[in-house]
Asks: 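Okay, handing you the structure first.
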Amino acid sequence: MDLLSVARGPALHYALFIFLFGVLWRLVGVSLLAAKPDYSEPRRPASWKGLRMIVLRFWPRREFAARSAMTSALGYVFHAGLFIVFFFCLPHVLFLEDLFKPLFGGNLTRLTGLSWPYLSGGLIMMSAAVTVAALVALLVHRIASPVKRLISNFDDYFSWLVTTIPLLTGMLASAHLGAPYQTLLALHILSVDLLLVWFPFGKLMHSFTIFVVRGISGMSYERKGAAL
Amino acid sequence: MDPQGTVGEALRHQGVSRRSFLKFCAAMASMMGLPPDAAAAIAESLAKARRPSVIWLPFQECTGCTESLTRSNSPTVESMIFNMISLDYHETLFAAAGEAAEAAREKAIKENFGRYLLLVDGSIPTGLDGAYSCIGGVSNVQMLQEAAKGAAAIVAIGTCAAFGGLPKANPNPTGAVPVSALVTDRPVINVSGCPPIPVVITGVLAHYLTFGSVPELDALGRPKAFYGDTIHDRCYRRPFYDQGKFAKTFDDEGARSGWCLYELGCKGPVTYNACATVKWNDGTSFPIESGHGCLGCSEPDFWDKGDFYKALPTGTWSAGRTLAVAAAAGAAVGAAAAAVSRRRQAAIAKEK
């Protein structure tokens, strides 16, 4: 079995297995934990209003806006770039349609009459390049800033690595640069396999938990009377 | 015609004009990626080259490779140059049969020991001590090993001989192996394809006759001159791939407009062969030009690389149930972990 067959076959299969197992483990495990009893008097009557924080945190607080402007902007750039590259690159669309076929019993177009749009290779390449540039800039900033360096751990760096490598290998595979296409495609898929395996166990899990956590924190702050 | 004469003599004897011969040499030089002036050198070397004895051993095969060669639009100069070798054993093309044919093979091996070219098509079954395929009571394994001892060079014709091909496909009931698995003490030139392109077969022979050496090979033992680029890189539909124009089915507007077949499972991007440049049937077309994606037939284990009609970036598993099990197991473990945590919290609260 050659490298590409391993990457597309068993490696991807087991990576998806671990990904699903891990994600469900963490989500169910965390959501069923007993909430800590809060014996204090609520400072405000309707703590559900704290759910506003889900939206409010999309923008940094005014006090920190100027200082964190660059970090926030780069964060948005690479998240948007990842979204575009992941959901609108043709090979990814084909992969996702095929992946969800067992769930929907047919391809998306046949099921809904809608087709999953994709962008041209050039636009995807540009998005990927901008995303990588933003990721590199954020890494440099993390290392250069004494405070951020101090609070960074292995998880931060490894999560950065497993996010960036698929972008780089994908760009090389699209451009047919540096090695035969099947080798680059195999390396790209293997790097995604690595990302999938790491995903549930590191900080990348925030993709699933961020809005829930924001909402719960917001409700807690509201109850305690803190400014959101 | 003197069987040991030169190629030039044989060509003149067959009435091949100097012009046709030079045209062939120029085409070969071009395909082998040599500079234009190499054509003259090839012509000179070829004309003087001694016609080598060639023994063609057919093993576990479908005769498609021989069919491909014989469909090389005879009488083109390619097929004539093939006639210019001394083909001393080829079961399918032989007039002789039975013991007479086997005697011819043994005689050719004995008389040309150390000098003959050994061409093999078909994989070699090793199961049951090679009993799955025997010729005249001799197993393919034995016959190959005996013939390989005196061969100046070995050419594995077709994907079966080069990589095991269809007979080696999972579950490989006969224990089929390629030539290179049994012959390890000398270079094996793999001319893969199911079948290989006729002009690629003759091109490899022409290279050997011209330079007296094995051509530059890739990591899979294939001549780089013919297997240096992917089908995708040389495909006339490549601009549509770059523009993002893809046929979604074999009969939609995209297919009729000749758009890229990538979404329909074309394996062109991972297949190295000369189909897109040399083409088939005297340059008429090749599978993609006829509207079907490339199956990747010149690559190892192409039968076992998943669905021919699934796009390359898709996975090759069929495991919706396994993934559902993963999700259910993860949820169960998460629930169990939460239960343990709750019990511990309750125990701590009780202690307080």
Asks: Sort A:L94 into side chain, backbone, both or neither according to what part of it lies under 4.5 angstrom from a heavy atom of chain B.
Replies: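 Looking at A:L94, backbone and side chain both touch chain B.
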
Asks: What residue in B:S341, B:G334, B:P300 has the most heavy-atom pairs under 4.5 Å with chain A?
Replies: B:G334

Asks: Looking at A:L24, A:V93, A:V30, which one has more heavy-atom pairs under 4.5 Å with chain B than the rest?
Replies: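 Looking at each option in turn, the highest pair count goes to A:L24.
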
Asks: Centres of the A:H92 and A:Y118 rings: under 6.0 Å?
Replies: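 So the answer is no for these two rings.
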
Asks: Under a 4.5 Å cutoff for heavy-atom pairs, which residue among B:A311, B:G306, B:A332 has the most contacts with chain A?
Replies: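 Most pairs with chain A among the choices: B:A311.
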
Asks: With a 4.5 angstrom heavy-atom cut-off, is it the side chain or the backbone of A:L4 that approaches chain B, or both, or neither?
Replies: side chain

Asks: Are B:K224 and B:D218 close enough for a salt bridge, meaning some N to O gap below 4.0 Å?
Replies: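 Looking at B:D218 together with B:K224, the answer is no, because their closest N to O distance does not fall below 4.0 Å.
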
Asks: Is there a side-chain contact between B:C194 and B:F302, using heavy atoms and a 4.5 Å cut-off?
Replies: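 The answer is yes; the side chains approach within 4.5 Å.
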
Asks: Most heavy-atom pairs under 4.5 angstrom with chain B, which of A:L185, A:L20, A:L96?
Replies: A:L20

Asks: Just checking, is any N or O donor in the side chain of B:S285 or B:W280 under 3.5 Å from an acceptor N or O on the other one?
Replies: no

Asks: Can you tell me which portion of B:D233 sits under 4.5 Å from chain A's heavy atoms? Options are side chain, backbone, both or neither.
Replies: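 Interface part for B:D233: side chain.
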
Asks: For residues A:H206 and A:F199, establish whether the separation of their ring centroids is below 6.0 Å.
Replies: no

Asks: At a heavy-atom separation under 4.5 Å, does A:F19 approach chain B through its side chain, its backbone, both, or neither?
Replies: neither

Asks: Give me the ring orientation class for B:F246 and B:Y262: parallel if the planes are under 30° apart, tilted from 30 to 60°, perpendicular past 60°.
Replies: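 The arrangement is tilted - the two ring planes meet at 30° to 60°.
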
Asks: Can you tell which of A:Q182, A:H176, A:K36, A:H188 has the highest number of heavy-atom pairs within less than 4.5 Å of chain B?
Replies: A:Q182

Asks: Establish, from distance only, whether the side-chain atoms of B:E299 and B:S192 form a donor-acceptor pair under 3.5 Å.
Replies: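 There is no such pair between these side chains.
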
Asks: What class does the angle between the rings of A:F87 and A:F83 fall in, given that below 30° is parallel, 30 to 60° is tilted and above 60° is perpendicular?
Replies: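 A:F87 vs A:F83 ring planes: tilted.
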
Asks: Need one label for B:A337: side chain, backbone, both or neither, based on atoms under 4.5 Å from any heavy atom in chain A.
Replies: side chain

Asks: Using a cut-off of under 4.5 Å for heavy-atom pairs, which of A:S31, A:G122, A:S120, A:G29 has the most such pairs with chain B?
Replies: A:G29

Asks: So which of B:G244, B:A338, B:A331, B:A328 has the largest heavy-atom pair count under 4.5 angstrom toward chain A?
Replies: B:A331

Asks: Quick check on B:Q345 against chain A: is it the side chain, the backbone, both or neither that has a heavy atom closer than 4.5 Å?
Replies: side chain

